[in-house]
Amino acid sequence: MNKYKTHNCGELNKNNINEEVKIAGWLHNYRDHGGIIFLDIRDHYGITQVTIPEEDSNMKELAESIPKESAVSIKGIVTPRPDNMINPKLATGEIEINASEINILSKVEKELPINVFPETEVREDLRLQYRFLDLRREKVHNNIILRSKIVSSIRRRMTDMGFLEITTPILTASSPEGARDYLVPSRIHPGKFYALPQAPQQFKQLLMTSGFDKYFQIAPCFRDEDARADRSPGEFYQLDMEMAFATQDDIFKVMEKLLYELFSEFSNKKINKAPFPRIPFTESMLKYGTDKPDLRNPLEIKDVTNIFKKENLEAFKNKTVRVICAPNISDKPRKFFDDMIEFATENGAKGLAWLKVEENKLNGPIAKFISEEGQQSLISETDAKKESVMFFIADEENIATKLSGIIRTELANRLNLISKDEFIFCWIVDFPMFELNDEGKLDFSHNPFSMPQGGMKVLEEKNPLEILAYQYDIVCNGIELSSGAVRNHEPKTMVKAFEIAGYTKEVVENKFSALYNAFHYGAPPHAGIAPGVDRIVMLIADEPNIREIIAFPMNSKAEDLLMHAPNNVTAKQLKEIHIKLDE
RNA sequence: GGUCUCGUAGUGUAGUGGUUAACACGCCAGUCUGUCACACUGGAAAUCGCGAGUUCAAUCCUCGUCGGGACCGCCA
């Protein structure tokens, strides 16, 4: 028999009545009724109520002396609760343990800095500083359990589909592209550094070249970039996967099966079935004003630039004009529209004109500047029904696109148009291979390792800005879970692509020497993707902040308040790794 | 790096140019044999983040500073 317990706190029921048992856990709550004392003992599995026999005054005194959240072990007889005292909220609600022995295993010696129960709100830095107490609280505790189950489900499903989990190095070489690296100084090689991988990108491509057909890994990734509510500073996990002799559709098929089944396993929300909609990048930017659209939002953006070219509206002249038509809101109070205008201007819009749709005409502040023909065109272009309201965004094209997206989301939120019990996945496809950077020079718009659609031929013949890549994102409810791509496995095409982006052959040879070299020895065509595990868990757990689904998260300034990282190291340690501090 | 925002008992909040700084949870003591967010009675607990300024008087107004958070930049 285990020294501390025969059963956990979630499993005893009326089948155990009259058994002598031991449970161990934390003193969750305490109710002293004078004659009778109730102790709630909580462990990872549940809560069991313990009663203290009235006649045993020593035990009563002992029980009264235990501070909440102390660790205890209790021996006693399982007894049925009186019929009218059954607690349906507890799995163990039919029984209680009549204590015969109480052992205090570890006492709480100070006042608790945060309430474990009842679960009141606590400021976040304090929660992180006392994460071991915070994690006892039901909500976060359950999130961590959920995360564990999701991760093991992912492993099982990937393995069942024939993928091999292969781990790749954590100490590797700094890579020139992308995010800032975390550097690790080398002791043996003065002045040289390892880097923590931003992703196992090159390793997984090398694995494909090594003849492994389907690879995956729950991969830790490290990027020295600032945090966001949905983005951990420093480190995060990806479901990294890659397939050899595979096309975009092969990746989509695997991910659609995985994501649909995974989300179905852990959520009761409605999920769209495969195939997920494939939306070309340019279409997404126009219709939704973003490359990560929330398809729960029924509002769509239309381009009406051409209609306004013929109209005499100064403010819209020579601008890109986009319209969002929201149904059944013409009876909203004036304040609703004023607030929307305020929101729009706060986000950088020059204004937000709006028009009510009436019987075959438009009504509102700018209606008099639009011809009857123009009004008809607007109504038919947006397919507007009576009592709709059209919102207009007019600006330089890029800004109009972005603003329309922001306003589309805000309108849907304020009008409560977004269903809370639905997951809608989609693919954004056909990203451009190149774009102009701020200095007006050509650069890779996403991943330099992506295969251009059409291969070497289009690189040689087409206007670079018109070349599309086999580059795709998977998006769910407006959250980008991942980018992926069919990789460029041909050395010559790689060199050409880099040349267009202004890099010499030497750059490819030196900076990506492992891949570039390997690809000369029979690299298979391959493709992959790497959805963020943290974001998947956030979506399923319905948590808006990433710290709620990570056991020991850093704060937004990339500090671990529990372990005090980063911290100072000794002069000796620095000397060994040949580092002099610049102060 | 920038913008916004928050900082008041252990915790979460309220509040005011002059107060005994309020409420809830927690804590301590007491009453109660059936509670399970027990109830009831009483109590302890706050240099109102820190510094400077304005003022007869600052927790409150101003400036600075420190700390937390959100967003922008950044995240191939």
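Just so it is clear, the values below take in all heavy atoms, side chains as well, and ignore hydrogens, waters and symmetry mates.
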Flag for Asp181(A)-Gln198(A): side-chain donor and acceptor within less than 3.5 Å
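Asp181(A) and Gln198(A) do have a side-chain donor-acceptor pair below 3.5 Å.
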Would you say Gln49(A) and Arg31(A) are linked by a side-chain donor-acceptor pair, where the criterion is simply a distance under 3.5 Å?
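Judged by distance alone, the side chains do pair up.
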Using atom [atom1] in both nucleotides, what's the gap between [N] and [M] to the nearest angstrom?
N	M	atom1	answer
rU54(B)	rA21(B)	P	27 Å
rU8(B)	rG12(B)	P	7 Å
rA45(B)	rG10(B)	P	11 Å
rA37(B)	rG26(B)	C1'	13 Å
rG49(B)	rU3(B)	P	23 Å
rC23(B)	rA14(B)	C1'	7 Å
rC71(B)	rA9(B)	C1'	33 Å
rC63(B)	rA70(B)	C1'	25 Å

Distance check needed: rC27(B) C1' versus Glu109(A) CD, whole Å only.
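In whole Å, rC27(B) C1' lies 16 Å from Glu109(A) CD.
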Nearest-Å distance, CZ (Phe117(A)) to P (rC36(B))?
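Answer to the nearest Å: 11 Å.
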Closest to the [X] side chain: [options]?
X	options	answer
His33(A)	rA37(B), rG34(B), rU11(B)	rG34(B)
Met85(A)	rC36(B), rC32(B), rA70(B)	rC36(B)
Asn29(A)	rC75(B), rG34(B), rC38(B)	rC38(B)

So, OP1 or OP2 of [N]: does either fall under 4.0 Å of a side-chain N or O from [X]?
X	N	result
Lys557(A)	rG67(B)	no
Arg547(A)	rA70(B)	yes
Asn84(A)	rG34(B)	no
Ser556(A)	rG69(B)	yes
Asn555(A)	rG67(B)	no

Are Tyr182(A) and Phe222(A) an aromatic pair by the rule of ring centers under 6.0 Å?
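Centroid separation for Tyr182(A) and Phe222(A): 6.0 Å or greater.
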Answer yes if the ring centres of Tyr470(A) and Phe431(A) are under 6.0 angstrom apart, and no otherwise.
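For Tyr470(A) and Phe431(A), the ring centres are not under 6.0 Å apart.
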When you measure only distances, ignoring hydrogens and angles, does the side chain of [X] come within 3.5 Å of the base of [N] through a donor and an acceptor?
X	N	answer
Gln49(A)	rU35(B)	yes
Arg31(A)	rU33(B)	no
Glu559(A)	rG67(B)	no
Asn87(A)	rC36(B)	yes

Quick check against the 3.5 Å criterion: does Asn115(A) have a side-chain atom that pairs as donor or acceptor with the backbone of Phe117(A)?
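No, the answer is negative, given that no donor and acceptor are paired below the 3.5 Å cut-off.
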When you measure from the side chain of Thr48(A) to the backbone N and O of Cys9(A), does any donor-acceptor pair fall under 3.5 Å?
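The answer is yes, because a donor-acceptor pair under 3.5 Å joins these two groups.
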NZ/NE/NH1/NH2 to OD/OE distance under 4.0 Å, [X] and [Y]:
X	Y	value
Asp125(A)	Arg123(A)	yes
Glu396(A)	Lys350(A)	no
Lys139(A)	Glu119(A)	no
Arg322(A)	Asp395(A)	no
Glu64(A)	Lys60(A)	no

Of residues 220-233 of chain A, the positions that come close to RNA chain B - non-hydrogen atoms, cut-off under 4.0 Å:
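Going residue by residue through residues 220-233 of chain A, the ones with a heavy atom under 4.0 Å of RNA chain B turn out to be Arg223(A), Glu225(A), Asp226(A), Arg228(A), Ala229(A), Arg231(A).
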Tell me, which of residues 51-70 of chain A have any heavy atom that sits under 4.0 Å from an atom in RNA chain B?
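Heavy-atom cutoff 4.0 Å gives Glu54(A), Lys68(A).
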Residue list, side-chain hydrogen bond (donor to acceptor under 3.5 Å, both in side chains) with Asn13(A), at least two apart or on another chain:
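By the side-chain hydrogen bond (donor to acceptor under 3.5 Å, both in side chains) rule, Asn13(A) matches Asn15(A).
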Pick one: which of Tyr516(A), Phe434(A), Phe444(A) meets ring-ring contact (aromatic ring centres under 6.0 Å, His included) with Phe498(A)?
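Exactly one candidate clears the test, Phe444(A).
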For a quick check, with a 4.0 angstrom heavy-atom cut-off, what is the B/S/- contact string for nucleotides 2-10 of chain B, read 5' to 3'?
--------B
Check side-chain contact (heavy atoms from CB on, under 4.5 Å) between Asn510(A) and all other residues, then give those that pass, not counting sequence neighbours.
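For Asn510(A) the side-chain contact (heavy atoms from CB on, under 4.5 Å) partners, ignoring immediate neighbours, are Glu506(A).
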Specify the closest pair of heavy atoms between Ala244(A) and Met208(A), including all atoms of both residues, with the distance to one decimal.
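Where Ala244(A) meets Met208(A) most closely, the heavy atoms are N-SD, 3.3 Å.
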Given the rule that a pair is Watson-Crick or G-U wobble with both distances under 3.5 Å, how would you write RNA chain B in dot-bracket, using | for pairs to a different strand?
(((((((..((((....[...)))).(((((.......))))).....(((((..]....))))))))))))....
